[in-house]
Amino acid sequence: MKIESNKFYFLIIFLFGIMNVFAGPGGSGPPAPTAKKPPPPPGLSIDENSVIIMIIALLFGIYIIYNNMLKTKTPI
């Protein structure tokens, strides 16, 4: 049992070493002041219609539960 757990720990340490190689060296620092600026994000907000989506999801959930209750037979 102890040998198997040691193999597991060695495997995890080995995988962390591989991930360290793939990650590469640290960041290259801040961009140069003369670098081209990225374009601004689009004007639409991600959560613009989140209330409407939540209402639709709630109604859809009620619909699914109601259909499931109709399909199941209740014992008398």
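Just so we're clear, the structure is a prediction, and the values are computed from it rather than from any experiment.
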Nearest-0.5 Å distance, CD1 of residue Ile65 to CZ of residue Phe60: 11.0 Å
Point-to-point distance, once rounded to the nearest 0.5 Å, from CG of Leu58 to OH of Tyr63: 15.5 Å
Separation between CG (Leu15) and CZ (Phe10), nearest 0.5 Å, reads 13.5 Å
Please tell me whether Ile56 and Ile64 are part of a single hydrophobic cluster in this structure, the criterion being side-chain heavy atoms less than 4.5 Å apart. no
Is there a path of hydrophobic side-chain contacts, each under 4.5 Å between heavy atoms of I/L/V/M/F/W/Y residues, joining Ile12 to Tyr9? yes
